[in-house]
> 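I'd like to ask you about the structure that follows.
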Amino acid sequence: MKPQYLLSVCQALRAHYDGKLKLDKNHLLLKRNEVKTLDKLCDLISQEHTDYHELLNGYFVGYSIPQIANEFDLLRFGTDYIINIEMKGPLTEDKKLTTISAQMRKQHYYLKFLGKELKVITFVEDDGFYLYKQESDEVISVDINAVIEIIQKQTLDENVDLEKIFKQSNY
């Protein structure tokens, strides 16, 4: 699996999505409800920042750890830290923070063994962005500019081989 440019992924999804589009025979790209959310995420970033091409490049999309039922919507690896962006459709206010918090803790758990700083973000369609603060185990609302800053500051690592770093024996 190779990192993707998110606008190309969105274009492919718009043109060919039938509920089962895959990057290769082993990796499901995105679920049906995540397609619309990804499209909105790309639109928000491209509208907010003039040099959005770099911000939308270098993502592993829809990666699942082999033999473990855990999927990451968007992963971006840097030499300094890892960004995980999870996408959610609209959520009811009473379940939103509970749902987001539980998933963010789980994603943090599966990524922490890599030994790098983690930026775990959730994008809720029609609501905004949330950042997981692992040191205090809390979820805070952040704006698009905070997310763009996190992406901009990351030094992209283009030599990541997911099959080598995500081994079932690590869990």
> CG/Leu75 to CD1/Ile165 distance, rounded to the nearest 0.5 angstrom?
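Spacing of CG (Leu75) from CD1 (Ile165) equals 8.0 Å.
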
> Hey, what do you get for CD1 (Ile85) to CD (Gln107), rounding to the nearest 0.5 Å?
12.0 Å

> Are side-chain N/O atoms of Tyr63 and Asp73 paired as donor and acceptor at under 3.5 Å?
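No, because no side-chain N or O of Tyr63 sits under 3.5 Å from a partner of the opposite role on Asp73.
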
> I'd like to know if the side chain of Glu48 reaches the main chain of Ile148, judged simply by a donor and an acceptor atom lying under 3.5 Å from each other, with no hydrogens or angles considered.
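No, because the side chain of Glu48 does not come within donor-acceptor range (under 3.5 Å) of the backbone of Ile148.
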
> Supply the atom-to-atom distance Ile100 CD1 to Ile121 CD1, rounded to the nearest 0.5 angstrom.
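Interatomic distance, Ile100 CD1 to Ile121 CD1, rounded to 0.5 Å: 12.5 Å.
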
> Under the side chain to side chain contact (heavy atoms under 4.5 Å, CB included) criterion, do Leu6 and Arg76 qualify, and how do the steps go?
CA-CA 11 Å; Leu6 293 183; Arg76 192 172 195 256; over 6 Å; no

> Might you work through the side chain to side chain contact (heavy atoms under 4.5 Å, CB included) test for Ile151 and Ile83, ending with a clear yes or no?
CA-CA 8 Å; Ile151 299 168; Ile83 298 171; 4.0 Å; yes

> Less than 6.0 Å separating the ring centroids of Phe60 and Phe77?
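Aromatic pair counts; centres sit under 6.0 Å.
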
> Taking salt bridge (charged side-chain N to carboxylate O under 4.0 Å, His left out) as the test, write out the residues that go with Glu54, two or more places apart.
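Not a single residue meets the salt bridge (charged side-chain N to carboxylate O under 4.0 Å, His left out) criterion with Glu54.
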
> If you round to the nearest 0.5 Å, how far is CG of Leu114 from CZ of Phe166?
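Rounded to the nearest 0.5 Å, the CZ-CG separation comes out at 5.0 Å.
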
> Going by side-chain contact (heavy atoms from CB on, under 4.5 Å), Tyr59 matches just one of Leu74, Leu38, Val9. Which one?
Leu74

> Keeping the roles fixed (side chain from Glu117, backbone from Asp80), state whether a donor-acceptor pair exists under 3.5 Å.
no

> For a quick test of reading the model, state the closest non-hydrogen atom pair linking Cys42 to Leu7 and the distance between them.
CB-CD2, 3.8 Å

> Can you check whether Ile150's main-chain N or O pairs, donor with acceptor, with Tyr81's side chain at less than 3.5 Å?
yes

> When you check the side-chain N and O atoms of Gln103 and Lys88, is any donor under 3.5 Å from an acceptor?
yes

> Closest approach of Val139 and Met104, non-hydrogen atoms and distance?
CG2-SD, 3.7 Å

> Find out whether Leu97 and Tyr130 are in side-chain contact, i.e. whether some heavy atom of one side chain is under 4.5 Å from a heavy atom of the other.
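They are in side-chain contact.
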
> When rounded to the nearest 0.5 angstrom, what is the spacing between CG in Asp143 and CG in Leu131?
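With rounding to 0.5 Å, CG (Asp143) is 11.5 Å from CG (Leu131).
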
> So, using ring pair (Phe, Tyr, Trp, His ring centres under 6.0 Å) as the criterion, who are the partners of Phe123 when residues are at least two apart?
Phe129

> List the atom of Glu71, the atom of Gly62, and the distance in Å for their closest heavy-atom pair.
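Taking Glu71 first and Gly62 second, the nearest heavy atoms are OE2-CA, 3.9 Å.
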
> State which residue, out of Asn84, Thr122, Asp137, fulfils the side chain to side chain donor-acceptor pair (under 3.5 Å) condition with Tyr132.
Asp137

> Spell out, as yes or no, whether a donor-acceptor pair under 3.5 Å connects the side chain of Lys106 to the backbone of Asn70.
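No, the answer is negative, given that no donor and acceptor are paired below the 3.5 Å cut-off.
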
> Run the numbers on His53 and Tyr5 for side chain to side chain contact (heavy atoms under 4.5 Å, CB included), then give the verdict.
CA-CA 8 Å; His53 296 289; Tyr5 177 56; 2.4 Å; yes

> Just by modelled atom types, is the Thr79 backbone N or O under 3.5 Å from a matching donor or acceptor in the Gln154 side chain?
no

> Kindly compute the distance separating OG (Ser46) from CG (Leu55), expressed to the nearest 0.5 Å.
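These two atoms lie 10.0 Å from each other.
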
> What heavy-atom pair brings Leu156 and Asn57 nearest, and what distance separates the two atoms?
CD2-O, 4.3 Å

> Which atom names give the shortest non-hydrogen contact between His49 and Asp51, and what distance separates them?
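His49 and Asp51 have their closest heavy atoms at ND1-N, 3.1 Å.
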
